[in-house]
Structure formats: structure tokens, C-alpha cells
Number of protein chains: 2
Amino acid sequence: MASDQTRSAILAAAERLYADRGFGDVTLRDIVAEANVNLAAVNYHFGSKDELIAELFVTRSIQTNRERLNELRAAEEKGGGRAAIEDIMRALVGPTLRGCLGPDREGSTAARFMIRASIESVPPIRRIKNREVDHLRKFAAAMRRAMPASSDTELYWGLHFALAMAHHTIREKERLLRLSEGKCDLDDVRGIIDRVVTVSVMALTMGDVPSKPAPRPVAMHGRLTRQDL
Amino acid sequence: MASDQTRSAILAAAERLYADRGFGDVTLRDIVAEANVNLAAVNYHFGSKDELIAELFVTRSIQTNRERLNELRAAEEKGGGRAAIEDIMRALVGPTLRGCLGPDREGSTAARFMIRASIESVPPIRRIKNREVDHLRKFAAAMRRAMPASSDTELYWGLHFALAMAHHTIREKERLLRLSEGKCDLDDVRGIIDRVVTVSVMALTMGDVPSKPAPRPVAMHGRLTRQDL
DNA sequence: GATAGTTTCATACAAATGTTTGAAATGCAA
DNA sequence: TTGCATTTCAAACATTTGTATGAAACTATC
């Protein structure tokens, strides 16, 4: 039964090293040294290096996806089957941002690993990410229910931009910190989530708010028209 | 004088291969085979593989940055020294999006190379990207002039989100296409730029438009308050 | 056309890396 | 204990890869 110990030691060591130094320059030999196990143990327990990486990533991904769906379900129950759009977007970006940002998360290996996975793009992880589309469709469906008058196009763009802001904030948090000379507080996770959610909802409800003459009436190419509510 | 030919052939072949297959699985031997030059030519002309990659990336980056600054300058002249915020954002995201998206760009090696560089994250490119902060400061300065009443924090978040939407659209265009089942037209570059600019400006002027009760008055944590204009 | 500088070429080097192997050790059931 | 399966281990394998070398080919200047 020491087999499970070896397996776990490898997983833990690999996640730690990948989180710290990236996938690029961590070899199997580094991992087995950190885990105090034999080199062949990786291939014995996981088959290959790529399968090890894949297992690490799917484990964390499943966690995040489950949290997202839980929040989405909670929001739908709260709204009696029809979740508010803000709550949907919050369920979409909240778990990811909470998982990767924040001061307490600084030491979290899992968080730093997921940031790495978000920055670098290694084949086994890319393969898994491609399956994420099915997961996102559930959010698209919820959004459609929340905004039945919106076109699918607008909806997908809103979803896309929400993920853009969340992931880019995780990916480039160092740069934003440097650019803003610390003025942007990357530890205020709740504030960041609110910010992303607010902008996302604004993007989704764009046509609704022509209170001011839209930023500029120029060159809209018939794309950003108001939705026919 | 055949030296320049060799150099150019290597650059062209490398850019094409990297664009098609990514940095991960293109070796120097692949490149020299494609370029019909000798293996040693790369080290002779560029010093090392990393310096070759760096030269490819800086060349394209300089082009984009120049276009950006040209647009920014044009916008400032148009506004008599004080460019409109929409024009600033357009100058920021326009060149990148135009360079990487669009139907005609499909065959553009340069475009596909820059998309690769945006997706994968190889050390020599990462080093160059880190210097990009200085370039962005020029835009931050222009934004500050355009919105003197806004706090720096809001300004940096707006800049950050604009880049987030632009880069994420380039990075994940395949996924967005698949998710939306083709409903999001990734070839309509002008429409996409308008979209990103519009949302960015909305994000920047958030406090200004409480025409409707803000998406939800909940949990703003005192962050997304209106600017005191 | 000889010479010096530049460029090209075939080949070799050296190091790294994921994977495999076959035997030894360990655990477990009969 | 015996026997069988699982797990560990040291060592080797087989490539791949970027880089270096030294001679040959080429170019341009005098």
C-alpha cells in the first residue's frame, strides 16, 4: 500500500515544482528527487510525463468547475429557476479568481500551479482545455435564460469578455502590479470579482444604456446595436 | 552578399514553422531544412536559437508598437493635444487586433506567428514582453490626460481590461468560434475593435452611467464608485 | 590574381531527457 | 513458509537538441 504514498508524493512534488519553476524547466529527475522516489516510479504510476501533468490539471480543473456549477445552481435556485445575469457571471469568474488570487493564496501550491497552467501552454493541458467548451455551454444556456431578448452573438461575446478579464488578470497580475505601481490591489479578490462582473454585465446589456450618446456613434458596423427588448 | 539571403531565409522559414507548429516542436534542424541552409548558419548569423526567436518577435512587436503610437499621436493631434478616450483605446487595441485577425490575415505568416507568441510563452519572448510596460505607460499618460478626473486605479484597470479583451480574443479565437458555433464573426475585425473599445470605455466611465440602477447594488465594496467629475 | 575577410558546410560534441528493462524487494494470501 | 502480484530500484537506452569546430568555398579589395 506504499504505492499510494509514492503516487501522492509524486503528485505533490510535481505540482510544487511546476508551480514554482514552470513546465519548461522541470524534468522528471527534478520531480523524483523532490519526492524522494525512484525515477521509474513516474512511468510506472502514471504511464508518462504528460499523463502526470494531465492528472494534475484535471484534478484542479474539476474542483473549479464544480464550484462554478454549484454557484450557478445556487443562483438559479435563488432566482426560482432563472438566475440573474450578475449572479451567473459571478459564478463563472468567481471560483477561478478566488482560486488564483488573493494574499492567503500566495502560498497555495494549487493556485500557483493553475496560474502556471494559465500562462504556459503545454500540450497535455491544452488538450484538456479544449474540452472546456462543453462546460461553458451550461453558462451560455443560463445566460440565455436570464436574457432571452439578447442575441446569441451578444451573449457569447459577453461570456468571452468575462473570461478574458478574469484570465488575463490572473495571467498578467505581475505586469498590472508593475504598471500601476501597486495602485491596483491584486489582493482584493472580492473587489476584482465585482469589477469583472460589473463590466461583463455592462458589456452584455450594452444596447440598453444609451443614456449618454454612446461613447462614439462612429463605425459601429451594425454590430453593437441595441437589443430589441 | 549571399549572407543576407541566408539570414532572411532563416527568418522567413523560422517564422513560418513557428507560426504553423508552435515553438514547442520546431527544431533548428527543421528550420534550416525549410530554409535550405546549413545547420550552423543559425548560430553563425544569430548566435543562438533564442536570439533568433527574439529577433523575430521584436521585429513584429516594433511594428505593432509603432502603429499604436502613430494612431495615438494622430488622435492627439485631432483632439488638439487631448485625445478622446475612445480614440486612445482604439489606438491601443486596433493594431494588435488588425494584425492578428481578419480573413485576409489568414495566410499572413506574421499574424499567425504573433498569435503563437501570444499563446505559447517561451523565455526569450517573455523577456521582451516584460519591457512592454514602458510602452503602455505612454497610453496610461494619454488616458490620464483624457480623463483627468479619474483615479489612476480606475485608469489602469481599464487599460488592463482592454488588453485582456483584445489578447484573449486573439488567443482563444478558435474556442470562441467553436463555442458560438460560428455566430461570433472573427473576421469582422472592425466590429471586434469597436466592441472592445466600447466595452473598455464603458469600464473606464463606469461611475458616469447610473441611468439604470447599476446592474446590482450589491457588494460593491466601495470599489466601483462613481468618479467625482 | 593573390590575399584577407566572410560565409558555408559536413561533422562531431556534449548534455539532457523521457522511457524501458530486468532484477531485487516488498506485501499479501493460502 | 510458499507462491504470486505489486512495487521499487539502479542502470542503461535511445533520441533529440543546441552548439562548436575546422576546413572548404566564396567574395571583394588591392
Side-chain angles (χ1 to χ4, degrees), chain A residues 1-58 113 116-117 120-128, chain B residues 1-58 113 116-117 120-128:
Chain A
M1 275 300 144
S3 93
D4 267 4
Q5 283 178 24
T6 302
R7 244 187 89 91
S8 309
I10 292 172
L11 284 169
E15 187 168 44
R16 198 167 344 132
L17 289 180
Y18 284 142
D20 285 343
R21 293 160 35 192
F23 298 98
D25 54 270
V26 171
T27 72
L28 286 189
R29 283 169 177 81
D30 294 332
I31 294 172
V32 298
E34 179 87 357
N36 277 312
V37 301
N38 187 271
L39 174 59
V42 173
N43 290 280
Y44 178 78
H45 284 282
F46 298 93
S48 70
K49 183 196 185 186
D50 278 12
E51 288 174 88
L52 166 61
I53 295 178
E55 174 153 345
L56 281 172
F57 186 68
V58 298
F113 173 80
R116 279 285 178 197
E120 297 185 33
S121 188
V122 69
I125 290 184
R126 229 184 331 242
R127 278 191 287 272
I128 296 165
Chain B
M1 272 301 145
S3 93
D4 267 4
Q5 284 178 25
T6 303
R7 243 188 91 92
S8 309
I10 292 172
L11 285 169
E15 186 169 45
R16 197 168 345 131
L17 289 180
Y18 285 142
D20 285 343
R21 292 157 40 191
F23 299 97
D25 54 270
V26 171
T27 71
L28 286 190
R29 283 168 177 80
D30 294 331
I31 294 172
V32 298
E34 179 88 356
N36 278 311
V37 301
N38 187 269
L39 174 58
V42 173
N43 289 280
Y44 177 78
H45 284 282
F46 299 93
S48 71
K49 183 194 184 187
D50 278 12
E51 288 173 89
L52 166 62
I53 295 178
E55 174 151 345
L56 281 171
F57 185 70
V58 298
F113 173 81
R116 279 285 177 196
E120 297 185 32
S121 189
V122 68
I125 289 185
R126 223 179 341 234
R127 277 191 287 272
I128 296 165

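Reminder, nothing fancy here: chain letters follow the sequence lines and each chain counts from 1. Quick caveat: nothing in here was measured; it's all calculated off a predicted structure.
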Given [options], which nucleotide is nearest the side-chain atoms of [X]?
X      : options                   : value
L28(A) : dT19(D), dT19(C), dG18(D) : dT19(C)
L39(B) : dT8(C), dA11(D), dT19(D)  : dT19(D)
A40(B) : dC9(C), dT8(D), dG18(D)   : dC9(C)
K49(A) : dT19(C), dT21(C), dT8(C)  : dT19(C)

How long is the line joining [atom1] of [X] and [atom2] of [N], in whole Å?
X      : N       : atom1 : atom2 : answer
Q5(B)  : dT27(D) : CD    : P     : 10 Å
D4(B)  : dT27(D) : CG    : C1'   : 14 Å
F46(A) : dT7(D)  : CZ    : P     : 12 Å
N43(A) : dC9(D)  : CG    : C1'   : 14 Å
Y44(A) : dT7(D)  : OH    : C1'   : 5 Å
F23(A) : dT17(C) : CZ    : P     : 16 Å
I10(B) : dG18(D) : CD1   : P     : 13 Å

Quiz: residues 17-25 of chain A side-chain donor-acceptor pairs under 3.5 angstrom, not counting sequence neighbours:
residue: D20(A); atom: OD1; partner: R112(A); partner atom: NH1; Å: 2.2
residue: R21(A); atom: NH2; partner: D25(A); partner atom: O; Å: 3.1
residue: R21(A); atom: NH2; partner: D30(A); partner atom: OD2; Å: 3.0

Side chain to side chain, [X] and [Y], heavy atoms closer than 4.5 Å:
X       : Y       : result
R29(A)  : L39(A)  : yes
R126(B) : P123(B) : yes
N38(B)  : T6(B)   : no

Sequence-distant partners of R127(B), salt bridge (charged side-chain N to carboxylate O under 4.0 Å, His left out), two or more places apart: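 R127(B): salt bridge (charged side-chain N to carboxylate O under 4.0 Å, His left out) contacts with D50(B).
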Look at the side-chain N and O atoms of T6(B) and state whether any lies under 4.0 Å from the OP1 or OP2 oxygen of dT8(C).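 Affirmative; the distance criterion is met.
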Using OP1 and OP2 only, check whether a side-chain N or O of H45(B) sits under 4.0 Å from dT8(C).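 Answer is yes, contact under 4.0 Å.
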Pull out every residue in residues 29-38 of chain B that has a heavy atom closer than 4.0 Å to any atom of DNA chain D, ordered by number, or say none.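 Heavy-atom contacts with DNA chain D come from R29(B).
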From CD1 (I31(B)) to CD1 (I53(B)), nearest 0.5 Å: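 Answer rounded to 0.5 Å: 7.0 Å.
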With rounding to the nearest 0.5 angstrom, report the CG to CZ distance, L56(A) to F113(A).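 If we round to the nearest 0.5 Å, L56(A):CG and F113(A):CZ are 4.5 Å apart.
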